[in-house]
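Some notes on the structure that comes next.
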Amino acid sequence: MTHLYADLFTLVDRPLRYLGGEPRTTVKSGPGIDCRIALAFPDVYEVGSAHLGLPILYQCVNAHPKLAAERVFAPWPDMEAQLRSRSLPLVTLETQTPLRDFPLVGFSLQFELHFTNILQMLDLGGIPLLRRDRGEQDPIIIAGGPLALHAAPLEDFIDVFAIGDGETMIVEWMLADAGWRAQGLNRAERIARMARMPHALAPEHFPDAPVCPARVNLTGHPGAAAGPVPLVSVFARAAIELSRGCNQGCRFCQAGMTYRPFRERPPREVFSQVECALHEIGQQEIGLTALSTLDYTGADQLLTKLACVIGAADGSLSVASLRAYNLSEAVVDAMRTGRGGGLTFAPEAGTDRLRNVINKNVTTEDLLSTVSFVAQKGYSRIKLYFMCGLPTETEDDLRAIAELGHQVHRTAQRAAAGKPPRITCSVSNFVPKPHTPFETLAMTPVASLREKHRFIESHVNPRILSLRFHNPVESHLEAIFSRGDRRLGPVILEAFRNGARFDGWRDHFRYDLWTRAFESCGVDPQEFLRERSWDEVLPWSRVDPGVSRAFLESEHRRALAGEPTTPCLIFNEDGDDLVCHGCGVGCDTRAHAADKRAILQALDEISPQAPPRPAPEPCRILLTYSKTGHAVFLSHLEMIDHFPRILRAAGLFPRYTEGFHPKPKMTFGPALGHRTEGLNELLEVHLESPQLSDPQDVLARLNANSVHGLVFNSYELIGAETPGLARRITHSIVSLRIPPATTDLEELRFRIGEIMASPVLELTRSHPGKPDRIFDARPSLASLEAILLGDRIHLVMHIRNLTTSQIRPQDVLSLCLPDLDPEGTTIVREGFVLTPA
Ligand code: SF4
């Protein structure tokens with residue numbers, strides 16, 4: 001099937017964003033599907049496809065035989081312009097179905113600065129932006145994710161909010177909606193019924209009591225890593241979610257409050273997800289994710305054993321959200337599996353005093369001793385996260401950010417025997433978020449945040465510390481939409497109409513569009529940044545996150561008094577129960593304690609078994625493959641990223657280079673030109689051992705894990721004496737396919753005769769800022785002939801593989817047919833001539 005956007009792919013940046021067809025996608029079409037949902041992520045593909053939630057929901061839905069989920073991401077502005085100019089709709093990746101044709105569209109709400117992209121996607125998807133304008137044929141628009149717990153500004157646009165974890169909710173809602181449609185209920189009736197589903201919040205039918213979030217136990221639910229493998233992503237790693245929720249109780253952290261209680265994935269499931277990512281999908285980097293990774297029960301043991309499995313597969317391990325205390329040798333050693341790299345810590349504030357206010361359970365002493373320890377272990381890049389604008393903050397606290405950065409630098413340098421470390425301090429602006437103990441506080445004004453930034457900067461030695469600040473204006477907009485109410489709906493709509501898109505992207509953020517929108521809607525943004533009182537009805541009061549207001553208020557008071565609160569759900573002094581501060585979530589601490597003991601026991605029982613690998617017997621293989629169709633949009637660098645994964649997934653074990661950043665030893669043929677097809681491309685790979693027991697099986701496994709359009713054709717073992725691929729390629733064989741009836745074959749052959757008889761072919765290459773280079777390209781053109789195949793003339797040439805002065809197919813075309821418009825001509829690399837093995 002020709003892609004609906006086929007004509008646009010040469011006109012937009014990174015067409016891979018719109019192609020679909022990635023490994024591990026599910027395409028369900030035809031009868032037998034009772035309900036379909038378009039899972040919409042309001043950011044560009046490479047950002048959205050790296051997100052954890054979307055692939056989890058995708059798998060939950062598609063695991064049901066009667067349900068189907070497809071994906072759609074926000075088109076980049078260049079694609080939006082093309083779609084609008086051609087009146088083409090926004091379609092899903094899987095079946096290229098316009099959003100308006102789904103019964104349900106589900107948006108993921110992750111970030112306040114995505115709001116205008118939601119409107120962009122609705123608009124391009126052919127769906128009226130405002131809830132009240134939608135008719136019988138329009139989908140029901142659902143929105144879930146962390147922001148659904150305080151999404152009053154979106155109430156004009158979203159039909160139903162889904163509050164809490166989506167794993168089971170999405171399947172239940174889809175099955176219910178399929179039943180309502182089978183009963184003949186109209187759209188309004190379906191929305192009314194959906195509004196009565198557990199954890200639903202529908203602006204048309206607000207319930208009398210606040211809605212509680214759905215909470216799932218992670219056991220048995222799919223992990224993100226087993227979902228579609230992105231063609232291009234901001235993270236090239238398999239994310240394994242160890243736990244959800246957090247027991248640390250940081251008072252600024254919304255996720256730490258709203259995802260309570262802390263829930264852990266059973267160790268056996270963690271191991272099976274890691275093994276799937278390594279061996280079935282072929283991922284090399286495994287990223288453990290959690291709000292606080294090392295709070296996983298038995299984290300040392302888990303990481304040590306995972307490191308064995310990952311190391312045995314030549315993989316590497318990264319760990320998110322490391323706390324800067326009690327970092328054991330086992331953990332640091334595990335993280336060094338397969339790579340060097342850097343570490344990130346989040347002290348958040350410069351002084352212990354302010355860390356007590358925000359309940360960040362780490363001291364300066366903890367941080368420095370951890371830095372010393374990791375620097376001794378070889379980590380030289382350390383990133384520190386801080387916030388400014390925190391409650392009770394003084395100039396001493398701000399100065400301490402700079403001082404702490406310098407102390408970390410000195411400590412790391414001393415521990416690494418003088419080797420200079422690279423320390424980066426990233427300073428964000430504190431946003432008092434709903435459902436946290438700081439929800440009633442005012443946001444620090446922009447001018448004051450800028451002053452604080454300048455103050456910190458004035459105390460930093462830029463030669464040893466690199467300093468980054470978040471834009472205070474963006475933080476303010478985030479705060480406005482986080483804390484705002486329904487009055488902001490018209491502002492979002494107006495900003496969208498003014499052209500606001502991708503507000504979370506620095507290059508695209510235009511605050512002037514928002515200023516105009518606030519003014520023309522007569523809405524004062526300061527109204528949403530002001531201090532609130534604890535007895536005020538807040539815009540987010542329709543959701544009860546589980547943590548009680550009494551607890552939030554008491555934590556607020558303790559914060560202002562500088563009193564920390566210890567983490568919960570850790571074993572008490574007697575070791576017979578867990579600590580609980582009665583936040584309102586109502587944990588059964590004895591049940592949690594039993595779960596923790598079960599985790600420890602399971603970890604004891606797990607003895608990591610790496611899959612059998614053939615005895616090392618280094619060898620080389622030569623693979624041929626074709627790169628056609630969608631794969632022509634993969635750049636050479638993107639191919640280099642994909643091939644190791646495909647090889648590993650096929651059970652081939654590439655050999656790796658030595659050093660801090662080992663890379664698979666692979667040699668490609670000369671890079672293919674931009675968006676050029678190749679029919680017999682070459683790849684030489686060094687393997688740990690020959691895998692030739694069943695070459696057909698290996699080819700089948702390579703192709704099963706490959707990218708659409710990248711097809712492996714053959715596979716041969718190369719003798720040890722055979723020179724490397726780069727030295728074996730003598731010629732490239734290229735054909736230029738000329739449109740029918742654009743030239744006379746006999747005249748062309750005459751011209752070819754003249755060219756080949758010419759002793760010199762002088763060409764000029766121009767490079768910006770450099771003098772023109774004139775050279776003789778004749779030695780590189782070994783042969784040239786014109787062949788009629790069907791109604792097309794093929795200009796077939798053998799180009800010698802020279803390091804300089806090489807002719808290009810486009811040069812040959814302009815020599816042969818100087819008046820021909822090259823637009824309609826297709827260049828195909830047919831293959832290569834090699835010296836015998
Ligand atoms: S109920 Fe107790 S143990 Fe559970 S999250 Fe709240 S404070 Fe922690």
Side-chain angles (χ1 to χ4, degrees), residues 146 148-150 163-165 167 199 209-219 221 241-266 289-299 321 323 325-326 348 355-362 433-440 534 540-541 543-600:
L149 276 72
H150 51 100
I163 309 296
D165 299 333
E167 280 97 333
H199 318 296
V211 175
C212 296
R215 290 286 168 253
V216 299
N217 185 331
L218 297 188
T219 310
H221 290 296
E241 187 187 21
L242 280 189
S243 58
R244 207 173 285 179
C246 183
N247 59 352
Q248 291 286 317
C250 299
R251 291 173 179 137
F252 58 87
C253 178
Q254 188 183 51
M257 294 291 155
T258 57
Y259 279 96
R260 289 184 175 211
F262 181 56
R263 291 150 287 160
E264 299 169 87
R265 196 180 293 280
T289 70
L291 287 175
S292 176
T293 314
L294 298 186
D295 286 323
Y296 188 89
T297 305
S321 307
R323 62 184 185 210
Y325 65 95
N326 287 349
E348 307 291 4
R355 271 181 236 120
N356 281 341
V357 170
I358 62 175
N359 208 38
K360 186 74 193 181
N361 186 19
V362 62
K433 289 273 183 166
H435 303 301
T436 70
F438 294 150
E439 65 180 5
T440 55
W534 282 97
W540 50 93
S541 303
V543 172
D544 171 4
V547 176
S548 68
R549 274 184 76 69
F551 177 77
L552 295 181
E553 196 175 348
S554 121
E555 280 296 287
H556 183 101
R557 280 197 303 272
R558 288 173 69 83
L560 298 186
E563 292 172 16
T565 300
T566 57
C568 66
L569 286 177
I570 53 173
F571 281 102
N572 63 15
E573 283 177 4
D574 300 333
D576 58 348
D577 199 354
L578 304 181
V579 171
C580 172
H581 300 298
C583 74
V585 168
C587 292
D588 178 345
T589 53
R590 293 205 172 265
H592 277 277
D595 289 346
K596 283 183 178 292
R597 291 193 181 96
I599 287 173
L600 289 171

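When a ligand or atom number is given, it counts from 1 through the structure's own listing order. Computed from a prediction, not measured in an experiment: that's the story for all the values here. The residues of the chain are indexed from 1 along the displayed sequence.
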Check the pair Trp540 / Lys433 against side chain to side chain contact (heavy atoms under 4.5 Å, CB included), numbers first and verdict last.
CA-CA 10 Å; Trp540 50 93; Lys433 289 273 183 166; over 6 Å; no
Across all chains, not counting sequence neighbours, the ring pair (Phe, Tyr, Trp, His ring centres under 6.0 Å) partners of His556 are Trp534
Counting only protein N, O or S atoms and ignoring waters, those under 2.8 Å from atom 4 (Fe) of ligand 1 are Cys587 SG
Query raised in the report: Can Arg549 and Glu439 be counted as an ion pair, charged N to O under 4.0 angstrom?
Result: yes
Quiz item: Quick check: does any side chain N or O of Arg265 sit under 3.5 Å from a backbone N or O of Arg244, one acting as donor and the other as acceptor?
Solution: no
| query | Between Asn359 and Thr565, does a side-chain hydrogen bond (donor to acceptor under 3.5 Å, both in side chains) hold up when you go through it step by step? | reply | CA-CA 7 Å; Asn359 208 38; Thr565 300; 4.7 Å; no
Near Gly582 (heavy-atom distance under 4.0 Å), the atoms of ligand 1 are 2 (Fe), 7 (S)
Separation between CG (Leu149) and CE (Met257), nearest 0.5 Å, reads 14.0 Å
